[in-house]
Amino acid sequence: MGRKKLIAGNWKLNPADADATLELLRQLKARLAPFTKTPMAVIPPFTALHLATDILKSTRVAVGAQDLFWEDSGAYTGEISAPMLKSAGCKYVVIGHSERRQYFGETNETVHRKIAAALKHGLTPIVCVGETLSEREAGVMQEIVREQVTQALRGMGENEVRRIVIAYEPVWAIGTGRTATPGQAQEMHRFIRELLADLYTINLADSIQILYGGSVKADNAASLLQQPDIDGALVGGASLQADGFAEIVKAAELIA
Ligand code: PGA
C-alpha cells in the first residue's frame, strides 16, 4: 500500500486561445501552491506544454501530454514523439483515452505501442481503460477492461509495468455529469488490481496507482477518493477551473 493519490487535470482541446491558457496556468500555480502531499499534474494541449512547464517549473505540479506517437522521429506529419515530450518537460502522457479510441482509431494495439515508447523515454504513461454504456448494460464490463489491460501490457516485464499509471474511465461517465458511484468505481478498481496480481505479482498490483476518471468534481471527489483502490483522479471538465481543481486536490490531501 502507501500509494499516493495523484490528481491530474486533462484539459482536452481547451482553452481555445493563448490568453486564457496563460491565465489558467497562473491561477493554478497560485491555487495549488498550498498543497504539499498530493502529487498533481496538468495535461494541456501540445501547444501549451512549454508554457506550462515554464510557469509550473518550481512548483509541485507536474506536466503531462494527452497523447504521443510511438516512433521517435521521421516522416510522420502531425505526430509528436516521446523524446519531444520529454524534452518539453513532461512527466506524464495519457495513452488510450476513450476519446482517442472513439474518434481517432486508437486500438489496444496502438495503445500498447505507445506505452512502450513512453516507458523507453522515461515518461509515465497514464493508460486509460473503461467500458461503454452498452457494454455495462450487457454486463461485459469486466471482460472489456480485462482485454484492454491485458493487451496494453502484453509482453511487458514487471519493471516496466511498475512505472505505469492506470486510469479507469467508464465512457458513460466522461463529460456526462453521470459519475460512477464510489461502489461501482471501487469494484472495477479492485478487479483491475486483482488482474494485475494475476498477471504479475501481488506486490506489483499493490504498488500501481489506479485513477478514476469521469465527471469528477469538487463535490464528489472525496467519496470516490476514500475508496481503498482509488488512487487519484483524472479530471476533465472540472480541471479547467482553478478553484474547482484545487478543491479536488484538497479532498485528496485530506484523505492522504
Ligand atoms: P470529465 O472527463 O471529467 O470531463 O468527465 C474525464 C476524462 O475524460 O479524463
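Each ligand, and each atom within it, is numbered from 1 in the order the structure gives. Computed from a prediction, not measured in an experiment: that's the story for all the values here.
Judged by distance alone, with hydrogens and angles left aside, the side-chain atoms of Tyr212 form a donor-acceptor pair with the main-chain N or O of Gly214 at under 3.5 Å. When atom types are taken as modelled, the side chain of Ser215 and the backbone of Thr179 share no donor-acceptor pair closer than 3.5 angstrom.
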Does ligand 1 have any N/O atom under 3.5 Å from a protein N/O, and what are those pairs and their distances?
unit_1	atom_1	unit_2	atom_2	d
ligand 1	2 (O)	Lys12	NZ	3.2
ligand 1	3 (O)	Ser215	N	3.4
ligand 1	3 (O)	Gly236	N	2.9
ligand 1	4 (O)	Gly237	N	2.8
ligand 1	5 (O)	Gly175	N	2.6
ligand 1	5 (O)	Ser215	N	2.7
ligand 1	8 (O)	Lys12	NZ	2.8
ligand 1	8 (O)	His97	NE2	2.6
ligand 1	9 (O)	His97	NE2	3.4
ligand 1	9 (O)	Glu169	OE1	3.3
ligand 1	9 (O)	Glu169	OE2	2.6

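Every salt bridge (Lys or Arg N to Asp or Glu O under 4.0 Å) that Arg154 has, sequence neighbours left out, goes to Glu109. With sequence neighbours left out, the salt bridge (Lys or Arg N to Asp or Glu O under 4.0 Å) criterion links Glu99 to Lys12. With sequence neighbours left out, Arg163 forms a salt bridge (Lys or Arg N to Asp or Glu O under 4.0 Å) with no residue at all.
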Practice task
Evaluate side-chain hydrogen bond (donor to acceptor under 3.5 Å, both in side chains) for Gln186 paired with Asp229, printing each intermediate quantity in order.
Solution key: CA-CA 6 Å; Gln186 165 59 25; Asp229 287 292; 2.7 Å; yes

